[in-house]
Each structure stands twice: as C-alpha cells, then as structure tokens.
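See structure below.
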Number of protein chains: 4
Amino acid sequence: MNTKQTILENALQFFASYGYDGASMSLIARETQITKAGIYSYFKNKEDLYIAVLDHLIAFHKEYWIKKKQRLKSASNEKRLKDSFIFSIQTAVKEPALIAFWQMAQISPPRSLEQVVTEKISASRNFLLAYFEEMFEAGKAAGEIETPHSSLTLAHSFYCLIEGASLKHVNANFPDYEATLLTIFELFWDGLEAREADEWKIV
Amino acid sequence: MNTKQTILENALQFFASYGYDGASMSLIARETQITKAGIYSYFKNKEDLYIAVLDHLIAFHKEYWIKKKQRLKSASNEKRLKDSFIFSIQTAVKEPALIAFWQMAQISPPRSLEQVVTEKISASRNFLLAYFEEMFEAGKAAGEIETPHSSLTLAHSFYCLIEGASLKHVNANFPDYEATLLTIFELFWDGLEAREADEWKIV
Amino acid sequence: MNTKQTILENALQFFASYGYDGASMSLIARETQITKAGIYSYFKNKEDLYIAVLDHLIAFHKEYWIKKKQRLKSASNEKRLKDSFIFSIQTAVKEPALIAFWQMAQISPPRSLEQVVTEKISASRNFLLAYFEEMFEAGKAAGEIETPHSSLTLAHSFYCLIEGASLKHVNANFPDYEATLLTIFELFWDGLEAREADEWKIV
Amino acid sequence: MNTKQTILENALQFFASYGYDGASMSLIARETQITKAGIYSYFKNKEDLYIAVLDHLIAFHKEYWIKKKQRLKSASNEKRLKDSFIFSIQTAVKEPALIAFWQMAQISPPRSLEQVVTEKISASRNFLLAYFEEMFEAGKAAGEIETPHSSLTLAHSFYCLIEGASLKHVNANFPDYEATLLTIFELFWDGLEAREADEWKIV
DNA sequence: AATGAATGAGGCTTCATTCAT
DNA sequence: TATGAATGAAGCCTCATTCAT
C-alpha cells in the first residue's frame with residue numbers, strides 16, 4: 001500500500017543482513033516489487049535511502065523512550081531500569097533486523113556516510129545514556145542504589161549490558177535465552193551495592 | 001615471503017571496516033602493494049580469502065585460550081574469570097579490528113558463505129562457552145560462587161558480558177572506559193550470590 | 001526497438017567467426033553500438049545470449065523445413081531431395097555464418113553449455129533426419145529409388161552429404177564450386193540403384 | 001617422458017574441444033602436469049604452440065599420404081580411392097580430436113593467426129586434392145571411370161565427401177555408422193558413370 | 001508514480017606472459 | 001628444464017544512476 005514505507009522496511013532488512021554495500025538497489029527493489037528506477041521516485045540515491053532508514057529507526061526509538069519516561073514517571077527505579085532492559089531485549093526478539101542494522105551502522109557504516117552516521121548514532125546514544133544516568137541518580141537519591149560508582153559509569157555499564165544482551169539474541173540461538181538474559185540483569189542489579197573500587201588495570 | 005600474511009592482515013582490516021562487499025580486492029591489493037591478480041597467487045578467490053581470515057582468527061583465539069587454561073590451572077576461579085574478561089577487553093583495545101570482524105561475521109556474514117561462517121563461529125563460541133562453564137562449575141564446587149543459576153546460564157551471561165563490553169569499546173570512545181568496563185565485571189561478580197529466581201517474562 | 005535482434009545477429013557472426021570464448025561481449029556490444037552493460041538488459045549473461053542465438057537458428061530452420069514440406073507435398077521425391085540439398089547449399093552461400101555457427105556448436109560447444117547444446121542440436125538433427133527418411137521411404141514406395149539400403153541409412157548419408165557440401169563452401173573458395181556441389185548430388189542420386197551390399201569394414 | 005610431445009598432444013585435445021581462446025595455457029599445463037611457465041620453456045607463446053600443433057598435424061598427414069601413394073602404386077583406382085576414404089574415416093574414429101582441430105582451424109582460426117593458418121590449410125588441402133585428381137585421371141585413363149565431370153571436380157567432390165563423413169562421426173553418434181559411411185562411398189562410386197550434366201543452379 | 005532501456009564505473013576473476021631462482 | 005610469484009590487460013558481470021516515456 002504505502003510504497004515508501006515498504007521500501008524502507010525492505011531496505012532495513014537487507015542493510016541489516018548484507019551490509020550497505022552488499023544490499024543492492026536491485027535486491028531492495030525486487031523485494032519491494034517495484035523497479036530499481038522506481039525507488040528513485042522516493043529517495044534521491046542510495047545514501048539518501050540509508051539515512052532515511054537510520055533516521056526512521058532513531059526517531060522510532062526516541063519516541064518510544066520519551067513515552068516510556070512519561071508513563072513510568074512515578075515507578076521505582078528498579079522497575080524503570082528492568083523495564084528498559086526488557087524492552088530492549090524484546091526488540092531484539094521481535095525485530096532482530098533492527099539490532100543488526102544498528103550494530104552494523106556502528107561497526108561499519110557506509111564509507112561515504114561515516115561521519116554523518118557516527119554523529120547521529122552518537123546523539124542517539126547520548127540521549128539514552130542521559131535517561132539511564134538520570135535513573136541511576138534518582139535511584140541513589142532514593143536510597144535504592146548504594147554504590148561508589150558514578151551514575152554516568154553505571155549508565156554506560158547498563159547500556160553496554162543491553163547491547164551485549166541484544167546481540168546475544170540476534171547472533172546465537174542458545175537454549176533458554178530468557179533465563180540467561182534475565183540472569184544478566186539480576187546479577188547486575190544485585191551487584192549494585194557498596195564495594196571497594198578495584199585496582200585492576202586493563203592496559 | 002610474508003606477502004600472504006600481509007594480505008591476510010589487510011583483508012582483516014578492510015573486512016572489519018567496510019564489510020565483505022565493501023572491502024574490494026583492489027583496496028586490499030593496493031594496501032598490500034601488490035596487484036589485484038597477485039592476491040590470486042595465494043587465495044583462490046575472495047571467499048577463500050575471507051575464510052582464511054576467519055580461520056586465522058579462530059585458530060589464534062583457540063590457541064590463546066588453551067594456553068591460558070594451562071597456565072591458570074591452579075588459580076582461583078575469580079582470578080581466572082577476571083583474567084578472561086580482561087584479556088577480551090585488551091584485545092578490543094589493541095586490535096579493535098578483530099572484534100569488528102568477528103561481530104560483522106556474526107551479524108552479516110558474506111551472503112554466499114553464510115552457512116560455513118555460521119558453523120565456524122558456532123563451534124568457536126561453544127568452545128569458549130565450555131571453558132567458561134567449567135570455571136563456573138569449579139567456582140561453585142570450591143564455594144567461591146553461590147547462586148541458584150546453572151553454570152551454563154552463567155557461562156552464557158558471562159560470554160554476553162564480554163561481547164557487550166568489547167563492542168562498547170570498539171563502537172564508542174566514551175570517557176573513562178576502563179572504569180566502566182571494570183564496573184561491569186564487578187557488578188556481575190558481586191551479583192553472584194544466592195537470590196531467589198525471578199519471575200519476569202520477556203516475551 | 002530491434003536492438004535485441006541486432007545483438008542476436010552480431011552475436012551469431014562473432015560466435016561463428018571467433019568461437020564462444022573468442023567472441024567477447026565487448027566486441028558484440030561495440031558492433032551493436034551499445035554498451036556492454038546494455039546487452040544485459042536483454043540477455044541474462046553470455047551463456048543466455050549464446051543459447052538465444054542457437055534457439056533462434058534452430059527455430060528458423062525448423063519453420064523453413066515445415067513450410068517446405070507443405071509446399072512440395074506433391075512433388076517427385078527426387079525434386080524434393082534436390083530441393084533440400086540446394087536450399088542447404090544456398091544457405092551456406094548466403095549466410096556462411098549460420099553454417100559456421102552450427103558446426104562450431106557441434107564440434108566445440110561452450111564448455112559450460114555442452115550438454116544443453118548437444119541436446120538441442122541432436123533434436124534438430126533428428127527432426128531433419130526424419131524428414132529425409134520419409135522422403136526416401138516415399139521414393140522407394142513410388143519406385144523412384146531402388147536400393148538395398150535402408151531409408152534411415154540413406155537419410156544419414158544424405159544429411160552427411162549436405163553438411164559436407166555446406167562446409168566445403170564455407171571453408172574453401174574453390175573454383176567452380178557450383179559444378180562441384182551439384183556433381184556430388186548427381187553422383188549420389190545416380191548411385192541410388194540396386195547393388196549388392198559391400199563387405200568392407202572400417203575398424 | 002617427452003614433455004614437449006605431451007604438451008602438443010594435450011594442446012591438440014583442448015584446442016579441438018574448446019577452441020583457441022577457450023583452451024587456456026593453465027588448462028593445458030595442468031593436464032600436462034607442468035607449470036604454466038614450464039610450457040614457455042618449449043614454446044615461445046600460445047600462438048607458437050598452436051602453430052606447432054597445426055604443423056605437426058599437417059606433417060603427419062602428408063607423410064601418411066606419401067607413403068600410401070608409394071605402397072598402392074599398382075592397385076586399381078577404385079581400391080586406392082576406397083582406401084583413402086576408409087583411412088580418413090578410421091582417423092575420425094580413432095582420433096576424433098584431429099578432425100575437430102582441423103575443422104576448427106578452418107571455421108574459426110585464431111584471430112591473430114588467421115592468414116598463416118589459412119595458408120597452411122590451403123596448401124595441405126591442395127596437396128590432397130592433387131593426389132585425388134591424379135587418381136581420378138588415372139581411373140579415367142584406365143577406363144574404370146566413365147563420367148563427363150572433370151577430374152578436378154571429382155577430386156573436390158571426393159574431398160568434400162570425406163570431410164562430411166568424418167565430421168558426421170565426430171559430431172553425432174548415430175546407429176550403424178559403418179553402414180552409413182560405406183553407403184556414402186558406394187553411392188558415390190556407383191554414380192561415377194556417364195550422364196548428362198544437369199542444369200540446376202544454386203544461386 | 002513508475003517503467004524499461006541505457007550507461008560509466010567498478011567489482012571479481014582469468015589470461016598470457018615474464019622473471020628471478 | 002622447471003618453478004612460484006607477480007603483472008597488466010582484458011573478460012564477464014553488477015552496480016548506482018539517469019532519462020524519455
């Protein structure tokens with residue numbers, strides 16, 4: 001029905017599966033049941049199409065998180081964090097292509113769009129980090145969380161946990177993944193209590 | 001003499017940065033200071049080159065982990081796990097291309113090699129998972145770890161933690177990443193203690 | 001509009017002159033005043049183009065022979081055979097490339113198409129042989145031909161005669177070739193009378 | 001043992017099967033169990049190799065016919081012609097590649113060697129034609145043959161018959177080919193008797 | 001909005017050939 | 001005599017893109 005939307009969806013799938021260069025306009029066109037030339041009625045060129053997909057994805061997520069924030073305004077911070085975690089995993093389950101596209105965009109963005117893509121992703125990540133940081137800060141203020149780590153550090157850790165867990169689902173079908181993923185969160189949460197900083201060095 | 005090695009290294013870099021389709025033989029050849037045709041003295045075709053890179057990578061890791069296992073045979077399990085975690089992060093720091101290539105291979109393997117690549121990766125993952133599981137099992141036996149979760153589940157969680165943390169470094173240069181990464185491990189470790197299983201559902 | 005036709009004609013010429021491998025797509029494209037890529041709007045690939053040429057040729061011939069059969073339904077069998085012979089030679093004179101292509105297709109078909117080509121040619125040959133056999137049979141029934149040889153054997157002989165004579169024209173410009181070719185037919189026809197089978201052995 | 005000879009034989013096979021352009025040096029080398037570069041120890045280049053094969057073939061045949069001529073000096077002309085026919089067919093049976101190569105060389109000689117090849121073949125053909133003509137002339141003188149056709153015309157016809165019959169064997173495996181081929185010769189020979197020249201026209 | 005035909009650039013691969021060994 | 005590595009040219013094909021319709 002809505003051709004543009006269909007193109008976007010198919011483009012997302014193929015960019016996710018085959019990478020920017022591996023996903024040819026022909027392929028996307030064929031799947032959309034339109035001609036290659038037809039795509040150019042909607043998008044100036046391949047780069048334009050890619051950016052459109054990316055923007056779509058970012059907008060969709062941003063909107064979601066904003067609504068979430070509103071709705072859970074008064075919930076406990078544990079609940080809010082747990083909720084964030086679960087939503088992310090659910091996305092990985094229901095729309096693995098979203099995660100794949102997102103990761104691909106970070107690891108190997110289209111050569112010619114490297115800068116633009118990196119900036120957009122960075123902005124989106126910062127938006128989410130800020131939301132997480134806020135929750136941790138609130139959690140500390142409310143006494144829910146006791147830890148010597150800064151809220152920013154915790155936000156980064158949490159973000160990383162989410163990405164790792166999402167990927168885990170996309171990459172590997174392992175047995176009993178629900179248990180595993182929830183285990184991750186639990187361990188994380190349970191670890192959120194005072195403890196002396198360690199002195200290990202990575203480099 | 002070591003032209004082959006040089007080709008492999010450059011191929012790894014470009015496959016990691018641009019994806020399989022984005023990394024052209026010309027590019028790899030130019031970087032190696034050889035002609036495109038020259039590459040074909042060493043590798044039957046692009047797929048062959050890709051598989052060679054992948055095999056190289058897998059062999060290198062496998063060898064590392066086996067040595068590690070030998071050397072740390074008598075260390076505490078916390079130390080052994082911590083060590084595994086740190087080594088992975090160090091790899092991400094020193095050779096981000098390895099991680100990038102590895103992730104790309106999972107998320108979007110070359111279309112024509114999908115099955116082969118998936119199998120190789122799966123085998124490699126299982127090898128590591130077994131190693132981790134063994135450590136958790138030993139940790140429980142030694143009383144270091146108290147948790148209702150199965151060792152396999154813990155292994156999966158740990159593996160996921162490592163991949164997440166590695167990617168985190170590759171994708172984003174964030175401030176004070178050492179602290180963040182170690183925080184993740186700490187929280188994980190501290191959480192390893194008895195607690196009632198939760199009843200959340202993801203789907 | 002008739003670009004496809006032009007491609008087919010040029011392809012026939014070049015396949016005939018240079019063989020499948022010697023006839024490059026560039027060459028065919030240049031002659032057709034189109035880009036190499038342009039050919040791919042009409043033919044999937046080189047093999048496809050080759051097969052199209054072959055099919056065209058076969059279809060053209062089949063159609064011709066069928067019409068001929070209709071038109072000469074009531075003529076004497078000598079006339080019908082003479083006519084077949086002359087038509088074949090005329091083709092060799094007017095369109096030597098047809099004969100060249102046809103022979104090449106039999107002697108050294110494209111490596112990758114060996115089976116398909118052989119089958120198509122075989123079918124076409126059998127069609128013609130059946131037509132010839134029919135004429136010889138009719139000739140015998142009508143008392144025009146007296147010979148101990150089977151009609152099938154005669155058909156094969158006649159077919160062979162025609163191919164030999166056609167090639168003769170294509171390969172060598174010899175003096176007074178009309179006389180020579182007709183001599184061949186005459187000798188053949190005059191020989192069609194009773195005679196005891198010979199006992200020579202070839203191998 | 002004799003590497004050069006082996007190369008020549010394999011080259012003949014592949015030139016015959018795949019044509020000049022289709023037969024790559026790699027292919028010939030591989031079959032000879034030598035390196036591509038190794039061939040260049042014996043032949044200056046591909047053209048040189050091709051010409052060597054052709055010369056070899058021509059010399060072999062010439063030698064054969066000269067010997068034959070000597071040996072059958074006193075036989076009847078029917079026997080001598082029959083013998084020539086049978087030898088040719090036997091060659092087609094035992095060494096189809098020779099015939100294939102020979103036809104290919106006529107129909108589509110290597111582009112760059114067109115002139116040289118054509119001249120060599122022409123010379124070889126003329127040599128044989130002269131031999132045939134001589135036999136027909138002698139046959140007439142001896143009263144074995146009665147026909148209004150010139151000996152040269154008969155020689156051409158006979159040559160054509162032989163090529164047609166040889167090809168027939170190479171191209172198509174048909175049932176009872178011995179009978180067919182001999183039928184051809186018989187019909188030809190039986191036709192060699194006086195008869196009024198016909199007035200058909202080919203063009 | 002959508003198409004079919006066409007294009008120039010570039011991708012992967014093979015080719016004939018050379019050269020140092 | 002023979003090799004392995006290397007090369008420049010060329011071959012087939014696909015790509016992103018355009019344009020007239």
Side-chain angles (χ1 to χ4, degrees), chain A residues 2-4 7 20-29 32-50 110 112, chain B residues 1-4 7 20-29 32-50 110 112, chain C residues 1 3-4 7 20-29 32-50 112, chain D residues 2-4 7 20-29 32-50 110 112:
Chain A
N2 185 342
T3 309
K4 186 167 185 178
I7 296 172
Y20 180 74
D21 291 288
S24 74
M25 296 297 265
S26 318
L27 201 63
I28 297 168
T32 313
Q33 280 167 308
I34 201 183
T35 18
K36 244 187 314 178
I39 297 186
Y40 288 84
S41 302
Y42 297 96
F43 302 95
K44 196 157 63 67
N45 52 32
K46 197 182 185 186
E47 296 182 357
D48 190 37
L49 171 57
Y50 183 89
S112 53
Chain B
M1 201 41 37
N2 53 0
T3 305
K4 186 168 185 176
I7 294 172
Y20 181 74
D21 291 288
S24 75
M25 293 300 263
S26 318
L27 204 60
I28 296 169
T32 315
Q33 279 170 307
I34 201 183
T35 8
K36 247 188 305 180
I39 297 185
Y40 290 84
S41 297
Y42 298 96
F43 302 96
K44 202 157 59 62
N45 51 34
K46 201 184 182 183
E47 296 183 358
D48 190 37
L49 172 57
Y50 183 88
S112 52
Chain C
M1 201 40 41
T3 305
K4 187 168 184 177
I7 295 173
Y20 181 75
D21 292 288
S24 74
M25 294 300 265
S26 318
L27 204 61
I28 297 168
T32 314
Q33 281 170 303
I34 202 185
T35 8
K36 246 187 306 181
I39 298 187
Y40 290 86
S41 296
Y42 298 97
F43 302 97
K44 202 158 59 67
N45 52 32
K46 200 184 181 184
E47 297 183 357
D48 190 37
L49 172 56
Y50 183 89
S112 51
Chain D
N2 184 341
T3 308
K4 187 168 184 174
I7 295 172
Y20 180 74
D21 292 288
S24 75
M25 296 299 264
S26 318
L27 200 64
I28 297 167
T32 313
Q33 279 167 310
I34 200 183
T35 18
K36 245 186 314 180
I39 297 187
Y40 288 84
S41 302
Y42 297 96
F43 302 95
K44 197 156 64 64
N45 53 33
K46 198 183 183 185
E47 297 183 355
D48 191 36
L49 171 58
Y50 183 88
S112 54

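Order of the sequence lines sets the chain letters (A, B, ...), proteins ahead of strands, with each chain counted from 1. None of these values were measured; they are calculated from a predicted model.
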Quick one: B:N2 CG to F:dA5 C1', roughly how many Å, whole number?
-> 14 Å

Rounded to whole Å, OH of A:Y40 lies from P of F:dA16 at a distance of 7 Å

Counting Watson-Crick and G-U wobble pairs only, both distances under 3.5 Å, name the nucleotide matched with F:dA5, or none.
-> E:dT18

Shortest non-hydrogen contact between B:I7 and B:F43, atoms and distance | CG2-CE1, 3.7 Å

Rounded to whole Å, NZ of C:K4 lies from P of E:dG4 at a distance of 14 Å

Which atom pair, heavy atoms only, marks the closest approach of C:M25 to C:K46?
-> SD-CG, 3.5 Å

Length of the line joining A:K46:NZ and F:dT18:C1', which is rounded to integer Å = 17 Å

May I have the distance from C:K36 (atom NZ) to E:dG11 (atom C1'), rounded to whole angstrom?
-> 11 Å

For atom OH of A:Y20 and atom P of F:dT14, their distance in whole Å | 20 Å

When both distances are under 3.5 Å in a Watson-Crick or G-U wobble arrangement, the nucleotide paired with E:dA1 is none

Nearest whole angstrom, please: distance from the P of F:dT7 to the CD of B:Q33.
-> 10 Å

Does B:T35 or A:M25 map to a spot on DNA chain F nearer the 5' end, using the closest nucleotide for each?
-> B:T35

5' priority, DNA chain E, between D:K44 and D:G22 [closest heavy atom] = D:G22

Want to settle it: does A:S26 or D:I39 sit nearer the 5' end of DNA chain F, counting the closest nucleotide to each?
-> D:I39

To the nearest 0.5 angstrom, please state how far the NZ atom of C:K36 sits from the OH atom of C:Y40.
-> 8.0 Å

Can you name the nearest heavy-atom pair linking A:Y42 to A:T3, along with the distance?
-> OH-CB, 3.5 Å

Nearest-nucleotide check on DNA chain E, D:D21 vs A:Y42; residue mapping nearer the 5' end is A:Y42

Any side-chain heavy atom of A:I39 within less than 4.5 Å of one from A:T32?
-> no

Just compare F:dA2, E:dT3, F:dT14 and give me whichever is closest to any side-chain atom of C:A37.
-> F:dT14

Closest to side chain of D:S24, choosing from F:dA16, E:dT13, E:dC15 = E:dC15

For F:dC13, the nucleotide meeting Watson-Crick or G-U wobble distances (both under 3.5 Å) is E:dG10

Sugar-phosphate only, base, or nothing, as touched by A:N45 at under 4.0 Å among non-hydrogen atoms | sugar-phosphate

Please give, in whole Å, the distance from F:dT14 C1' to A:I28 CD1?
-> 15 Å

